[in-house]
A.B. asks: 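Could you have a look at this structure, given as structure tokens, before my questions?
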Amino acid sequence: MGKKLNNKSSLGLYWIYIAIGIFLVAITLWTPGGGTKEIAYSQMEQALRNGCVKQITINLNQKTAEAELDPRCAEEYTGKKSSDGNPVNVSSTIPAVDEFSKELKGLKEEGLFKGEEKYVNDQDYTRIFIYAVLPLLIMIVFFVFINRRMSGGGGGGIFNVGKSTAREFDKSKAENKVTFQDVAGLEGAKQEVEEIVHFLKNPQKYTTLGGKIPKGALLVGPPGTGKTLLAKAVAGEADVPFFSMSGSDFVEMFVGVGASRVRDLFRTAKEKAPCIVFIDEIDAIGRARGKNANFNSNDERENTLNQLLTEMDGFGSNSGVIILAATNRAEILDKALMRAGRFDRQIHVELPDLNERVAIFKVHLKNVKTDDSIDIDFLARQTPGFSGADIANVCNESALIAARKERNAVTKQDFLDAVDRIIGGLEKKSKIITAEEKKNIAYHEAGHATISWHLQFADPLVKVTIVPRGQALGAAWYLPEERQLTSKQHILDKICALMGGRAAEEIFFGILDTGALSDLEQATKRAYALVTYFGMSEQLRNISYYDSTGQNEYGFTKPYSEATAQMIDSEVQRIIDEQYERAKSILRQYSEGHNRVANILIEKEVLFSEDLESVFGPRPWASRAEELLADSKPQELPEAEAESGEDQ
Ligand code: ATP
């Protein structure tokens, strides 16, 4: 439907272009005077002398003479015979009207010109049109066009540029009918926003006890966790007007527009109170104001923010307007915006835990035709760290995969393929990999697998593949433990598992290649975090240089001396070296198993934890990992160790 409308409007624009084009071509081709042929002045004189002219009309304004020729002379002056003996018209520009009149008079006296002589005062309307009216018309069309573009096709336009572009939510439309039922999980957040709906419905209940209704609530959380969905559900459930706009809608190319739109938004909101205003991606305007006015400052954005702060202060807490805003970067927002009295409440919307993922899968599987092999619990376990949007994407992607395979219903395998695709990118089976490279990649991945199998705190392995996907030549998938705290041993084991790929290459081939880039990057970052953030290294015990305020925007100054910087570097190097040696010794110890794992990979290209179990026997810590997995606590994103090759 939307597409059709778009086509229509773009066709409308094309019509304007086509009409202007045809008009310009027609103007150029059209010669005034219809059938009149333009001839040289000398020819005109000659025609007069030869007695060919029956009548002559002199245009005083245009300094032209139009002569009606005798049909006998038509061919001589126009190159064409007169049809049916009709007179033929020719015209020419004359040097000066006075001179020409004198000349005509002389010719008359000599008896050479016997025809009539007329003087007219005609205007050349075509010229006037082309030089005066047409540019004006083009300007008007251009202006109308710009105006329509600025107003986004609807009303408004350049005169209304300062008006807020907030859309009032139309609950009668089917696509807007989002209710709290459609938001799976997020119980805490749902409860808080439901409370806001209650405030607006029965304000007295809260105000009689002396309470003040909050002015605003900020939904904070990672991308795709359902913040916008939650706000839409509020709109669907609350029986009050709901205005929605995005932070970037305030910004326009004109100075002062942002501030004026904020004023307009609040004026409209107050008129329609009680109501809810939702500002999505508020970080577009709410970013902390710079301290140095000349450096990297953005006056327009700051003015808009200042206006927002003023307006939020300006209305009484019981005026019935509640501002909801969403962002995934609360740390960069201006402190003034977050203080009580403005956005009094911060509602954290986290990545869903296991149970919430089950609930989200249930919401999104409603419209997917699945077969009996689907086990929602299993799917939820396979997707740790996925956001609601990722899960919606998995459901959609699996339906597409099943359709591509001409299936009647979506199977478990389609879901697993969709998950792999979303984590690792599209399989690139056609990527040219030599047999030697394949062996290298297999040993590298087998190194990660072997080490993570033998370390107590390394994340349990799910799958290893050497089929290139996206940017990676091979990948190992782990299920991160669902835990809140990470111990030093966890970090060290993780670094050791990361170094496993390169260690395997060195032990078995004696060469280093670029495939370990991503591993090294991750290991180095973890080692730096261990030393500088978590204060876990021996040399720099219990010291953290982490800045949660995000104030040191430009990183020009470091909060430690040069000597400490050197100490940090040497500690990081020591940790990495130790873990690398540890990885090598584990691989030497289990070299026979490692070889078998690599050979399975070369043969089958994919390997699951069951294959590892058949090689090394059951993992002593598997039961603990299982136990943790069953626990439904928030978790980190799954790690897909991607090895980039030389060619990338
Ligand atoms: P961003 O910060 O990037 O704007 P967001 O948090 O606003 O993201 P939404 O736009 O609300 O994310 O979510 C995107 C989509 O993900 C929704 O349209 C919905 O299909 C799905 N989704 C996210 N969370 C949930 C949930 N809790 N229940 C059901 N669906 C969800």
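In what follows, every heavy atom counts, from backbone to side chain, and hydrogens, waters and symmetry copies are set aside. Order of listing sets the numbers, starting from 1, for every ligand and every atom in it.
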A.B. asks: Would you please name every residue forming a ring pair (Phe, Tyr, Trp, His ring centres under 6.0 Å) with Phe534, sequence neighbours left out?
C.D. replies: none

A.B. asks: Please identify each residue that fulfils salt bridge (Lys or Arg N to Asp or Glu O under 4.0 Å) with Glu194, with sequence neighbours left out.
C.D. replies: none

A.B. asks: Between the protein and ligand 1, are there any N or O atom pairs that come within less than 3.5 Å of each other, and if so, what are their names and distances?
C.D. replies:
| from | atom 1 | to | atom 2 | distance (Å) |
| --- | --- | --- | --- | --- |
| ligand 1 | 2 (O) | Lys227 | NZ | 2.9 |
| ligand 1 | 2 (O) | Asn328 | ND2 | 2.7 |
| ligand 1 | 4 (O) | Glu281 | OE2 | 2.9 |
| ligand 1 | 6 (O) | Thr225 | N | 3.2 |
| ligand 1 | 6 (O) | Gly226 | N | 3.1 |
| ligand 1 | 6 (O) | Lys227 | N | 2.9 |
| ligand 1 | 6 (O) | Lys227 | NZ | 2.8 |
| ligand 1 | 7 (O) | Thr228 | N | 3.0 |
| ligand 1 | 7 (O) | Thr228 | OG1 | 2.4 |
| ligand 1 | 8 (O) | Gly224 | N | 2.9 |
| ligand 1 | 11 (O) | Lys227 | N | 3.4 |
| ligand 1 | 11 (O) | Thr228 | N | 3.1 |
| ligand 1 | 11 (O) | Leu229 | N | 2.9 |
| ligand 1 | 12 (O) | Gly226 | N | 3.4 |
| ligand 1 | 16 (O) | Ala389 | N | 3.3 |
| ligand 1 | 24 (N) | Thr225 | O | 3.4 |
| ligand 1 | 27 (N) | Ala184 | O | 2.8 |
| ligand 1 | 28 (N) | Ala184 | N | 3.0 |
| ligand 1 | 30 (N) | His364 | NE2 | 2.9 |

A.B. asks: Donor-acceptor pair, Arg357 side chain versus Thr383 backbone, under 3.5 Å?
C.D. replies: yes

A.B. asks: Please report the C-alpha distance between Gln191 and Glu195 in whole Å, then the side-chain angles of each, then the deciding distance to 0.1 Å, and finally whether the side chain to side chain donor-acceptor pair (under 3.5 Å) criterion is met.
C.D. replies: CA-CA 6 Å; Gln191 199 182 338; Glu195 212 170 83; 5.3 Å; no

A.B. asks: Restricting to pairs with a member in residues 182-205, which pass ring pair (Phe, Tyr, Trp, His ring centres under 6.0 Å), not counting sequence neighbours?
C.D. replies: Phe199-Tyr206

A.B. asks: Do side-chain atoms of Glu356 reach the backbone of Leu186 as a donor and acceptor pair under 3.5 angstrom?
C.D. replies: yes

